[in-house]
Amino acid sequence: MEKRYDFKAIEPQMQQLWNDHGVYKFNKAAPGEVYAIDTPPPTVSGSLHIGHLFSYVQAEMIARFRRMQGYNVFYPFGFDDNGLPTERLVEREQGILAKDLPRSEFIETCAATAAKYEDEFKALWQSLGVSADWELCYQTVSPQTMALSQKLFLDLVQKGKAYAKESPVLWCVECQTSIAQAELDSADAASTFNTIPFMVEGNPLHIATTRPELLFGCVCLFVHPDDARYTHLVGKQATVPLYGYDVPILTDEKVAIDKGTGAVMCCTFGDQTDVEWYLTHKLDYRRVMMPNGHIADDVPHIGGMYVTKARKTIIAMLDEQGLLVKSENITHAVQTHERCGKHVEIIPSRQWYIDVMTDREKFLELGDKINWYPANMQNRYNAWVENLKWDWCISRQRYFGVPFPVWYCADCAAPAFASAEQLPVNPLETACEGTCACGCSNFTPESAVFDTWATSSITPQINELAGGPVPMGMRPHAHEIIRTWTFYTIVRSWYHTGGLPWNDLMISGFVLAKKGEKISKSKNNSANDPATLIATHSADVLRYWATNARLGTDTFFDADELQIARRFITKLWNACKFAIGHLEDYAGGDITQPVDKWMVARVDEVLAKAKKHLYDYEIGLARHEIDTLFWHDLCDNYIEIVKDRLYYPEKHGEAERKSGQAALYYTLREVLKMYAIYVPHITEYLYQHFFKQHEGAESIHLLQWAQPAEVDPQLLAFGEQLKEQISAMRKVRSEQNLSRKDPLANYSIDAGEFAAWFEATKKDIAACENVQEIVV
RNA sequence: GGGAGCAUAGCUCAGCUGGUUAGAGCACCUGCCUUACAAGCAGGGGGUCGCAGGUUCGACUCCUGCUGCUCCCACCA
């Protein structure tokens with residue numbers, strides 16, 4: 001074997017070997033229970049970062065683990081290429097805006113960009129040694145996925161779970177589309193809290209607002225029914241300042257008495273509460289805000305202005321006319337769109353929704369039936385479901401997505417749906433086939449596309465097309481998309497199948513750059529981008545690093561920590577180099593020596609412990625067990641003890657040497673198999689180099705872990721005592737500053753109950769520690 | 001405002017259902033070129049386990065309160 005392990009040459013070779021032999025190919029007919037993983041299809045919204053690597057690698061190791069326990073693993077990959085994330089990327093990269101281009105041209109650009117990134121992503125995952133079956137790869141924008149997505153949408157329509165309505169909806173003025181509650185972020189924004197007077201029967205009634213530009217949208221004032229200050233005003237009319245029209249003064253329990261002046265104006269629409277009041281009090285709609293963030297042209301004083309300019313203008317006017325009683329600088333949280341970071345408005349429009357409010361109790365119940373790893377992540381799901389306010393708006397006034405298979409009757413506006421045979425269909429390109437119930441055969445196509453989550457929420461069904469089982473075994477992802485991907489998928493699964501989408505959820509943490517800062521794609525610095533890290537440090541090193549953190553907990557990335565992983569790879573290489581050198585003539589044989597039996601017992605103990613952790617998705621805890629076995633028991637102690645016996649059979653005996661070989665072979669083979677899930681390249685190379693001739697299988701990854709034998713606790717106790725004795729001898733040497741070459745004088749071991757075993761081992765120990773004579 | 005998680009050596013963390021002198025890696029100190037590995041090995045120093053109570057024969061571990069940090073959700077006139 002070479003002195004050093006050359007990962008740059010070997011990692012691609014091993015990947016090629018897996019590919020050539022179809023090592024990870026899924027065969028439905030193969031033996032073993034099917035274990036299916038619902039891989040998160042990454043959105044095409046920029047380059048991948050270390051956080052993706054961290055999260056995906058952990059799930060990937062579970063695939064490898066299950067495979068090596070005899071499961072028939074269905075491990076697909078996908079790309080969520082449709083939707084706003086890709087559109088934003090294209091707009092950003094090319095300096096264009098979708099609305100300025102012909103629809104088809106923009107879609108083509110998106111498709112080309114998605115394809116480019118998908119190749120890049122796929123190359124990255126392959127260079128990491130991801131053991132997916134790439135023939136099971138899907139795209140959410142492909143014709144097959146589109147057809148399925150449309151089909152399932154029609155299923156929801158039929159079941160009464162998808163519907164269209166004209167209603168106030170969350171609206172991003174930047175992306176100019178409706179959005180869903182799940183896509184909201186919040187950000188602190190500087191603002192002013194302005195107190196302005198409404199006149200009631202000649203007396204001023206002060207209200208405070210941060211949105212004075214919406215004054216023209218004011219439809220009423222509210223006070224709390226128990227607020228004694230205002231009881232005498234309830235039911236009277238108040239005059240809107242600057243605009244001079246009257247609105248009623250009403251009461252509502254939701255008014256906070258201690259906020260502002262305790263009286264509040266209700267506009268269409270300043271916030272969520274306005275919407276609730278609009279609905280419960282059946283208020284008028286007065287249009288102020290347009291979909292592009294500008295004020296409607298017919299609004300006096302500020303018509304046509306962008307919202308921020310309009311606000312300044314109105315405040316200045318109020319001030320000039322002595323109507324600004326107080327203006328206080330404040331910082332408050334505002335709702336923003338997660339994709340662009342711009343503030344979100346509420347604007348009425350006709351949109352499609354999926355009913356998520358009716359069955360909330362059911363969704364909580366379903367959450368209880370899923371195994372959450374770690375368990376506390378279910379809290380986030382519950383909090384989200386309990387706090388839902390809107391049905392899920394799934395229509396987006398965008399371009400690169402799955403079209404609604406819907407037209408509207410030109411006469412009566414009733415929707416007409418595509419037939420199953422037509423799918424996938426783009427109503428903008430294909431005419432509606434039928435006639436409307438009203439007799440009309442003129443139709444207008446729906447131009448909106450699905451929310452990207454409306455398609456990615458059916459990944460179990462997409463995978464089913466490729467032969468996957470439903471429910472799937474496990475879904476892995478990081479904790480920030482519980483409210484979207486997890487929730488939506490549970491909803492869809494319940495509606496379409498009446499069951500769960502998967503049995504287990506494996507939730508990983510984030511990789512943070514420093515305290516509290518999430519690594520974002522835009523801040524990706526080149527030294528820490530995954531491709532560079534792999535090229536510099538190797539896939540195995542990064543994979544090993546990625547298993548440091550506990551499942552679900554966030555971790556910090558520090559390139560210095562990769563050194564630990566690199567050290568491990570070197571150690572594994574050197575240990576195998578030594579062992580293989582002494583196993584060239586290995587031909588089986590009995591394990592007779594007590595210390596050899598101890599080593600094997602330790603391996604069996606760790607096999608059992610590691611399995612238990614890995615079935616609980618605790619990859620890091622499992623690795624910790626294996627590390628202790630490999631580094632401390634095998635390298636630091638066992639190899640040193642058995643070394644002399646392997647070198648000098650004439651001194652220790654041929655059978656004794658064979659016993660050592662057999663224990664070493666078993667230990668190393670099982671250690672390599674355990675590490676194979678973490679560092680698949682170097683373990684494969686070592687397998688190919690030596691073990692394959694004995695084991696036969698084309699790849700180490702086609703082997704199964706040994707079934708551990710019942711471990712004799714006496715053997716383990718003996719091993720512990722043996723290590724203590726050796727440590728004591730080493731301490732003596734160290735304290736006397738002795739070289740290895742200087743022999744220690746006679747050493748006496750108080751062996752207690754293990755006298756016979758120590759007696760049988762004392763020659764090994766003497767050679768190992770260079771002691772002249774050991775007395776048991 | 002509600003909820004969750006975290007707080008252990010200078011740094012990054014492990015210590016699960018309470019039980020002998022609290023562990024690992026990095027860093028630090030000392031020694032060792034030992035026929036796998038100096039990118040290594042051996043030995044060592046270093047912690048009142050965030051604070052205050054409580055339960056217990058016994059608490060890093062369980063309970064209560066507090067402090068600090070992180071996250072989720074809500075508020076956001």
Side-chain angles (χ1 to χ4, degrees), chain A residues 1 3-5 186-189 191 193-195 207-212 214 218 221-222 254-256 259-267 270-274 277 330-335 374-389 479-480 482-483 509-510 512 515-518 548-550 552-556 558 560-561 563-582 613 616 618 620-621 624 627-628 631-632 635-636 639-640 643 647 726-742 768-770:
Chain A
M1 277 171 66
K3 183 155 174 63
R4 299 252 188 265
Y5 171 64
S186 68
D188 283 333
S191 184
F193 202 32
N194 309 285
T195 306
I207 67 104
T209 179
T210 55
R211 308 275 325 249
L214 296 179
C218 179
L221 300 185
F222 278 108
K254 291 206 75 155
V255 176
K259 195 156 195 170
T261 62
V264 54
M265 71 168 179
C266 175
C267 304
D271 66 13
Q272 176 80 42
T273 315
D274 288 340
W277 284 333
I330 57 159
T331 302
H332 68 158
V334 293
Q335 291 183 328
N376 62 297
M377 288 295 173
Q378 198 190 343
N379 293 327
R380 299 195 188 208
Y381 175 82
N382 289 346
W384 180 254
V385 176
E386 282 160 9
N387 284 302
L388 280 169
K389 292 226 161 60
H479 52 53
E480 92 283 20
I482 289 173
R483 71 181 190 179
F510 277 144
L512 307 169
K515 284 278 178 212
E517 188 182 314
K518 185 183 164 188
N548 257 336
R550 235 195 135 143
T553 56
D554 295 345
T555 192
F556 302 103
D558 180 353
D560 288 346
E561 282 187 38
Q563 198 195 330
I564 299 165
R566 201 187 50 178
R567 221 169 64 99
F568 161 72
I569 296 290
T570 305
K571 190 77 178 173
L572 187 62
W573 178 258
N574 284 317
C576 288
K577 191 166 64 176
F578 169 82
I580 289 170
H582 287 280
H613 284 311
D616 285 338
E618 287 289 358
L621 296 180
H624 185 72
D627 283 344
T628 306
W631 205 298
H632 299 299
C635 293
D636 293 349
I639 284 182
E640 295 300 331
K643 190 183 268 179
Y647 269 116
I726 287 177
S727 179
M729 291 177 222
R730 288 171 176 174
K731 189 164 179 170
V732 168
R733 184 181 299 281
S734 190
E735 278 169 354
Q736 297 177 11
N737 289 351
L738 290 176
S739 162
R740 277 271 316 157
K741 283 180 295 194
D742 308 323
C768 169
E769 291 307 315
N770 193 12

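Just so it is clear, the structure is predicted and the values come from calculations on it, not from any experiment. Reminder, nothing fancy here: chain letters follow the sequence lines and each chain counts from 1. In what follows, every heavy atom counts, from backbone to side chain, and hydrogens, waters and symmetry copies are set aside.
Contact annotation for A:F193: backbone-only contact, meaning every heavy-atom pair under 4.0 Å involves sugar-phosphate atoms and none involves a base. Note on A:Q335: a base of the nucleic acid sits closer than 4.0 angstrom, heavy atoms only. Within the nucleic acid shown, A:K577 comes within 4.0 Å of sugar-phosphate atoms alone, with no base atom in reach, counting heavy atoms only. A:A575 comes within 4.0 angstrom of a nucleotide base, judged by non-hydrogen atoms across all strands. A:I482 comes within contact range of no nucleotide atom at all, as no heavy-atom separation falls under 4.0 Å. Across all strands shown, A:A579 has no heavy atoms under 4.0 Å from either base or sugar-phosphate atoms.
When distances are taken from the side chain of A:D636 to each of B:A42, B:A74, B:G25, the shortest belongs to B:A42. Listed nucleotides B:G43, B:U34, B:A39 differ in distance to A:T570; the shortest reach to its side chain belongs to B:A39. Distances from the side chain of A:K3 to the nucleotides B:A38, B:C75, B:C73 place B:A38 closest. In this structure, the nucleotide among B:C73, B:U30, B:G43 sitting nearest to the side chain of A:S734 is B:G43. Picking from B:C37, B:C33, B:C73 the nucleotide with the shortest atom distance to the side chain of A:R483 gives B:C73.
The gap from the C1' atom of B:U21 to that of B:G2 amounts to 44 Å, rounded to the nearest Å. Comparing the same atom, C1', in B:A27 and in B:A74 gives a spacing of 44 Å after rounding to whole Å. Nucleotides B:G43 and B:A24 are separated by 11 Å at their P atoms, to the nearest Å. Nucleotides B:A4 and B:U64 place their P atoms 11 Å apart, quoted to the nearest Å. With both ends at atom P, the span from B:A39 to B:G44 equals 24 Å, rounded to whole Å.
Here A:C635 contributes atom SG and A:K571 contributes atom NZ; the two are 5.0 Å apart, rounded to the nearest 0.5 Å.
Residue order along RNA chain B, read from the 5' end via each residue's closest nucleotide, puts A:N379 first among A:N379 and A:C576. Of the two residues near RNA chain B, A:C635 and A:H624, the one whose nearest nucleotide lies more 5' is A:H624.
Below the 3.5 angstrom threshold, one finds a donor paired with an acceptor across the side chain of A:R4 and the base of B:A39.
Both tests do not hold together for A:K259 against A:F193: distance to the six-membered ring centre under 6.0 Å, angle to the ring axis within 45°.
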